[in-house]
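Per chain, numbering begins at 1; letters A, B, ... match sequence-line order.
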There are 2 protein chains.
Amino acid sequence: MVTLTTVTDSAHRSDPANRSDRGEQTRAAIAAAAQELFLERGYDKTTMRAVADRAGVSIGNAYYYFASKEHLVQAFYDQIQVEHAAAAHDSLERTDKFAERLREVLTTWVDVAEPFHGFAGKFFKVAAEPTSPLSPFSTESRGAREASIDLFRRVVEGSDLKVPAPIRAELPELLWLLQMGVVLFWVHDPSDGQKRTRALVRQVVPLVDKLVRLSRLPGMRGVVGDVVELIRSVRP
Amino acid sequence: MVTLTTVTDSAHRSDPANRSDRGEQTRAAIAAAAQELFLERGYDKTTMRAVADRAGVSIGNAYYYFASKEHLVQAFYDQIQVEHAAAAHDSLERTDKFAERLREVLTTWVDVAEPFHGFAGKFFKVAAEPTSPLSPFSTESRGAREASIDLFRRVVEGSDLKVPAPIRAELPELLWLLQMGVVLFWVHDPSDGQKRTRALVRQVVPLVDKLVRLSRLPGMRGVVGDVVELIRSVRP
DNA sequence: CGCGCTACTTGAACATGTTCAAGATGATCT
DNA sequence: AGATCATCTTGAACATGTTCAAGTAGCGCG
């Protein structure tokens, strides 16, 4: 069983005469109960009643803190993000080779996310709906997204990679998209320990490395400009 | 209101002493009722009871023909596929320029799918779950997927495009993936008439065209080989 | 005709996500 | 202390997807 630390930072101690500490604890208890149950039985077989029971609160109370059952998976989303950033941090200390840094960050994600692969389908399903606050493109998940893009910014900036400035600027976002692609593949990957996703990462990283470096060739400039322009125009 | 023709082919007349014609009709009636209601009120506000009512059957009967509410959206999936193929067929007669052919096929899809954009989110959500038979990667939807890839095969084969054989062979599947990307963007595109998706297509097509043609350059061979290899290994 | 069989049809019953009106708690003010 | 107010907390009630045991319809066979 995986030990789960809740992400709820009890850090905004700035409200005047901070109440709602009781509230935070209840919220955390509910989130923790949900995470346990999701891991034990999966998303579908976890009922809101069971979550409320295990957290020792009423069902209505669960809804006071989480607008819907789907909102309960947000905790995973956040947690994976936080754990990933922490785990990746270490490996990023170890090398300045772009390809290695990228590979580390991507495989680390697969490691961190592994315990959740079982119900990742449901997880993903929720995130896939455009109107969902969990969508990786939504404004609500902007924080997590930015944090993730920052991670890739560090991958680029701490590396030996020499590329034209405009590409360098867009690269973190492009790599984040690559990560989204990896996630997509991962979700659909039924292999043991997500072997195939890991293989994908091992194969795709050198390719990306090669492509990015090729962007310095004179003949590539036009194409690269187009790509950068495309990304720009596509951003909301 | 869009006229909806059901996809149910009453074509397998090969069963001995074919009964189940009554059944086919009921099935079609239910699918039609569902489609009307989905378009009128969207997915969520359409209840199974309402579908059964409009189709003039009992709710249990609706479940006799469709295993779940989600299965009712399969009809859309199929229908868009069929309409797209038909609509694209015409434009493919008109030109042999690769870029134009590709652009036509992609924009035609946006045209065909437009009426469904309203609840495409739900549609997509369903399709996004890996275990769902509606997933574009699932074995169940293999038929539709193959048909779609065939369409891109025709885009390539009827075109003036000159590229190395291995790429030519992989291109249809790659273009299908591109289409999936467009769909992903489209689903998240809140703009009027999906303007932004159309803009994306206009921008991305020349880029793809350029990239594919670049693949003939000697310096590119290695990269292209890698890409082809990647696709191969990733296919289940 | 009556029997049996398969294909179909029914709606009540069930499971579970969600809402809501009513109440409990505790801090702050007078 | 008592009043007031925001913040929780409750569980019954509701909505809706889904199941299922019981029926009905038509068809072929003896």
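- Rounded to a whole Å, the CZ atom of B/Phe66 is 13 Å from the P atom of C/dC8.
- Between the side chains of A/Ser233 and B/Gln203, at least one donor N or O lies within less than 3.5 Å of an accepting N or O.
- A/Ser135 pairs by the side-chain contact (heavy atoms from CB on, under 4.5 Å) definition with A/Phe137, A/Ser138, B/His188, not counting sequence neighbours.
- Between B/Thr26 and C/dC8 there is no side-chain N or O to OP1 or OP2 distance below 4.0 Å.
- Among the candidates A/Phe38, A/Phe76, A/Phe119, A/Phe116, the single residue satisfying the ring-ring contact (aromatic ring centres under 6.0 Å, His included) test with A/Tyr43 is A/Phe38.
- Taking 4.0 Å as the cut-off between side-chain N and carboxylate O, B/Glu170 and B/Arg232 count as a salt-bridged pair.
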- Note on the structure: Scoring nucleotides 12-24 of chain C by protein non-hydrogen atoms under 4.0 Å (B base, S sugar-phosphate only, - none) yields BB--BBBB-----
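- A/Arg145 places a side-chain N or O within donor-acceptor distance of the main-chain N or O of A/Pro136, the cut-off being under 3.5 Å.
- The shortest distance between the side-chain N/O atoms of B/Tyr64 and the OP1/OP2 oxygens of C/dT9 is not below 4.0 Å.
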